[in-house]
Amino acid sequence: MKEPAVSADPTQVLAFETDCHIFDGCGFPAPGLHSFLFEPIWGHQDDAVYFNKTMLLALLGSVIIIGFFWAAFRKPQVVPGKLQMVAEAGYDFIRRGIVYETIGKKEGEKYVPLIVSLFFFIWMMNLWSIIPVAQFPVTSIISYPLVLALIVYVLWVSLTFKRHGFVGAFKNFTGYNKELGAVLPLAMVIEFFSNLLVRPFTHAVRLFANMFAGHTLLLLFTIASWYLLNGIGIAYAGVSFIMVIVMTAFELFVQALQAYVFVLLTCTFIQGALAEHH
C-alpha cells in the first residue's frame, strides 16, 4: 500500500499521491494533520527563526491589502474611480455597518482603522484557501487567530481599566450586580473566568475551527475526485467534483462571514469596555 504524500514536502503542490487511484491497490490518502504542516522555506523547523509557506502567505496577504488601499487612496478624487469606489464601499461598510452600529459614531470613529484592518487581513488570510497554488487558509493555523485575538484582548482590558479604573474594571469583568443577592459570589467567579480566560480563547478558536474544518472538507472532496478517477469510479468522481465546486462556493461565504464575526465581536468587546457599569 502506498503512503499518502505529505504536504510538508516543499516540492509537493498537491496534498495527496498523484498516481494513486481506486482499484490500483492503494488506500485512500485521506487528509489529516499532515495536510497542515509545511517544511520551512528558509531555516529549519528546530531553529528559533524560520520561514514557511503560511508565513509567506501572511506576508503576501498583508502586502496585497496595503497595496490595494494605497493604490485606491493615494490620489483620492471627488468623483471616485472604480478602485477608489470599491475601497470606499468596503471601508464604509465596516465603519457604518459594524463600528457605528456597535460602538456608536462618537466613540467608535477612532477604532475604525483597526477594525477595517482586522477585517480585510482576516478575509485575505481566509481567501488563500481557494486561490490556485496557495490553496491554504492561513487562519487554519491556530497561532494566527490567537495572536489577533490577543491583540483585541489587550486592547479590551486596557480600555476597561482606563475608562473605569481598577474597581470599575473589576466590576465590569465580574458582572458585579448586588441585586443577585446570595448567588453574587458564584456569579462573579463564573463571569471573571468567562471574561478574562474563556473569551480570548473562544474568539480565536471560532475563526480557527471554521477555517480548519472548511479546508479539510475541500481537501477531502478534491482528493476523492482524483482518487475515484479510475474505471467505474469515474461516475463517483464526477459527483465528488461537483461537491468540490459546491464547497468552494460555500467556503467563499464562510470566509467573509468569519472575518465579519471576528470584527463584530471585537467591536462588542470594545463597546463593553467603554460602557458605563450599572
Side-chain angles (χ1 to χ4, degrees), residues 54-55 57-131 134 137-141 143-160 162-163 199-200 202-208 210-211 214 251-275:
T54 57
M55 298 174 186
L57 293 178
L59 180 61
L60 286 176
S62 301
V63 171
I64 289 171
I65 296 300
I66 293 171
F68 170 74
F69 280 102
W70 178 81
F73 294 123
R74 65 190 179 96
K75 293 181 179 179
Q77 303 294 325
V78 176
V79 179
K82 293 181 180 179
L83 191 62
Q84 183 181 335
M85 186 179 299
V86 172
E88 285 182 352
Y91 187 91
D92 206 46
F93 168 73
I94 302 301
R95 181 176 63 176
R96 296 181 182 277
I98 300 179
V99 179
Y100 285 3
E101 288 293 326
T102 308
I103 305 175
K105 183 176 181 179
K106 182 179 178 181
E107 293 277 17
E109 188 64 45
K110 67 180 72 173
Y111 302 105
V112 171
L114 170 66
I115 303 303
V116 170
S117 300
L118 280 175
F119 177 84
F120 284 100
F121 177 77
I122 294 170
W123 193 16
M124 186 69 240
M125 296 305 100
N126 295 347
L127 278 174
W128 283 124
S129 174
I130 59 171
I131 295 177
V138 175
T139 46
S140 65
I141 303 297
S143 56
Y144 293 92
L146 186 60
V147 168
L148 295 175
L150 285 175
I151 292 172
V152 175
Y153 178 77
V154 170
L155 173 63
W156 167 61
V157 172
S158 60
L159 278 176
T160 304
K162 182 178 179 180
R163 176 59 66 95
R199 177 178 286 188
T202 56
H203 197 196
V205 169
R206 183 180 286 103
L207 173 60
F208 156 73
N210 278 279
M211 299 316 302
E251 193 67 6
L252 270 171
F253 169 73
V254 172
Q255 288 162 358
L257 178 63
Q258 288 306 310
Y260 176 85
V261 169
F262 191 94
V263 297
L264 180 63
L265 289 173
T266 299
C267 288
T268 302
F269 299 159
I270 294 174
Q271 190 277 332
L274 298 176

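Since the structure is predicted, the reported quantities are computational estimates derived from the model, not experimental observations.
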Side chains of His203 and Thr266 in contact at under 4.5 Å (non-hydrogen atoms): yes
Validation row: Tyr260, Phe93 side chains within 4.5 angstrom (heavy atoms): yes
Arg96 vs Lys105 side-chain heavy atoms within contact, under 4.5 Å: no
Within-4.5 Å side-chain heavy-atom neighbours: Phe68 and Val86: yes
Heavy-atom pair of closest approach, residues Leu57 and Met125: O-CE, 3.9 Å
Euclidean distance, Glu251 CD relative to Ile130 CD1, rounded to 0.5 Å: 8.0 Å
Asn126 backbone acceptor or donor facing Gln255 side chain under 3.5 Å: yes
Among Ile94, Leu264, Ile65, Leu114, the one residue meeting side chain to side chain contact (heavy atoms under 4.5 Å, CB included) with Phe119: Ile94
From Asp92 atom CG to Met85 atom CE, the distance as rounded to the nearest 0.5 Å: 12.5 Å
Atom pair CD (Glu101) and CD (Gln271), whose distance is rounded to the nearest 0.5 Å: 12.5 Å
Closest approach of Arg74 to Ala71 (non-hydrogen atoms, all atoms of both residues): CG-O, 3.9 Å
Non-hydrogen side-chain atoms of Leu265 and Thr202 separated by less than 4.5 Å: no
Main-chain N/O of Val99 paired with Thr102 side-chain donor or acceptor, under 3.5 Å: no
Heavy-atom pair of closest approach, residues Ala149 and Phe262: N-CZ, 3.8 Å
Ring centers of Phe120, Phe69 separated by less than 6.0 Å: yes
From Ile115 atom CD1 to Lys110 atom NZ, the distance as rounded to the nearest 0.5 Å: 13.0 Å
Closest heavy-atom pair and its distance - Ala58, Phe121: O-CE1, 4.2 Å
Minimum-distance pair of heavy atoms, taken over all atoms of Trp128 and Ala134: CE3-CB, 3.5 Å
Side-chain touch Phe208/Gln258, heavy atoms, less than 4.5 angstrom: no
Rounded distance [0.5 Å steps], CG in Leu127 versus OG1 in Thr139: 9.5 Å
Least distance between heavy atoms, Pro80 atom then Glu88 atom: CG-OE1, 4.0 Å
Ile98 vs Ile103 side-chain heavy atoms within contact, under 4.5 Å: no
Side chain Gln84, main chain Gln77, donor-acceptor under 3.5 Å: yes
Trp123 CH2: over 12 foreign heavy atoms closer than 6.0 Å: no
Nearest-0.5 Å distance, NZ of residue Lys75 to CH2 of residue Trp70: 8.5 Å
Minimum side-chain heavy-atom gap Ile122-Tyr144 below 4.5 Å: no
